[in-house]
Amino acid sequence: MSSDPGFVLKPTSTPLPAAERAKLMKDLGFGRVFTEHMVTIPYRAPDGWGPGLLSPYAPISLDPAASVLHYGQAIFEGFKAYRQPDGGIATFRPAANGQRFNNSAARLAMPALPVERFVEAADLLIRHEHEWVPPNAGESLYLRPLMIATEAALGVRPAKEYLFLLFGSPSGAYFPQGVKPLTVWLSKEYVRAAPGGTGEAKCAGNYAASLIAQQQALEAGCQQVVWLDSVHKRFVEEMGGMNLFFVYKDGGRSRLVTPKLTGTLLPGITRDSLLTIAADLGYIGEEATISIDDWERDLKSGVLTEVFACGTAAVITPVGEVKFDGGSWLVNNGQTGPVAQRLRDALLAIQHGSAPDAHGFMHRVL
Ligand SMILES: *Cc1c(COP(=O)(O)O)cnc(C)c1O
């Protein structure tokens with residue numbers, strides 16, 4: 001392979017005073033505060049990826065004919081850097097995000113970025129922004145890599161020029177008042193993904209297409225939408241931008257079941273990590289097909305004890321109630337269940353370095 005063109009460093013000459021930063025970090029929500037630098041890497045066919053650049057966080061300029069604005073070649077990722085007990089910093093499974101980024105790129109006919117460069121870009125940014133990694137449990141520096149097609153050309157074909165960007169956003173505990181179960185809306189009108197479509201890719205367009213169903217969910221008094229399969233509108237796929245888990249009583253143990261990856265689900269890294277750590281906690285973890293009829297029947301019979309969603313941003317969010325056109329079901333009496341709570345605590349403990357990292361999930365940066 002060609003040699004790595006590396007990164008050029010042009011950090012800001014006017015860093016934010018510590019007091020200003022402290023003020024911004026006082027009330028962290030999600031995705032509202034951005035740090036002082038960003039990393040960009042340009043791509044141009046046939047030469048490939050050029051040198052990366054670390055520069056002050058700033059608006060970018062695009063030609064109005066840039067193909068991302070017309071035909072939507074845009075993908076993104078999301079992962080987090082956590083403060084460790086010794087004051088250092090580690091990211092959670094960044095190479096898995098790099099690999100998924102490339103899978104998304106392939107689906108949208110965009111070029112792959114070597115996973116090592118993806119991880120290196122994040123390490124470089126974090127080293128410059130280490131003071132923006134908040135110290136408390138549940139807090140982190142959220143990293144947002146993305147790639148867009150920048151070539152000015154209106155012909156419909158894969159662009160020949162792209163830009164990789166990466167920036168960071170310190171994020172607070174997603175639920176500062178503790179984990180509160182959500183009410184979710186079963187969408188039978190809209191679908192997120194169809195076989196052969198882009199459901200497996202983390203592409204911007206999937207989100208654009210989901211917003212109207214999310215609006216309907218809000219109008220129905222729910223916080224999130226549950227996506228069903230596009231063909232039968234019966235099989236459960238995901239919740240908003242998170243994967244779902246169903247907790248069953250199985251003798252004395254709990255069985256964690258998550259919908260199978262059929263090609264229309266986004267393969268979540270939190271989902272995969274929970275399947276991995278389930279066994280450590282004495283649970284059975286498995287993938288299966290779950291229909292809304294199963295959901296209702298198993299709630300009524302009492303074998304389905306909890307339902308929760310998982311993803312990088314919120315880690316684990318319990319589902320307390322399910323609403324649909326014509327009715328609703330309560331899950332675990334609308335309360336956070338013990339399995340969801342225990343998994344959440346276990347995952348956060350690994351991420352914050354307060355529990356052993358038996359599966360090599362953590363990538364030490366500083
Ligand atoms: C990103 C995403 C997830 C969660 O993936 P994680 O890697 O766990 O953050 C789930 N569903 C959709 C649709 C997503 O975009």
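Counting convention: from 1, in listed order, for ligands and their atoms alike. Bear in mind the structure is a predicted one, so any value in this text is a computation, not a measurement.
Note that Arg117 lies in the cation-pi zone of Phe7, set by a 6.0 Å cut-off to the ring centre and a 45° limit from the axis.
The local environment of CZ in Arg144 is crowded, with over 12 non-hydrogen atoms from other residues, nucleotides or ligands closer than 6.0 Å.
Between Phe245 and Tyr283, the ring center distance fails the sub-6.0 Å criterion.
Contact residues of ligand 1 (protein heavy atom closer than 4.0 angstrom to a ligand atom; sorted by chain and number): Arg100, Arg192, Lys202, Tyr207, Glu238, Gly240, Gly241, Met242, Asn243, Leu266, Gly268, Ile269, Thr270, Gly311, Thr312.
Classification of the Tyr57-Phe34 ring pair by plane angle, with boundaries at 30° and 60°, yields parallel.
The side-chain hydrogen bond (donor to acceptor under 3.5 Å, both in side chains) search around Trp49 returns none, not counting sequence neighbours.
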| task | Test ring pair (Phe, Tyr, Trp, His ring centres under 6.0 Å) on Phe92 and Tyr82 and set out the steps. | result | CA-CA 8 Å; Phe92 184 72; Tyr82 295 87; 7.1 Å; no
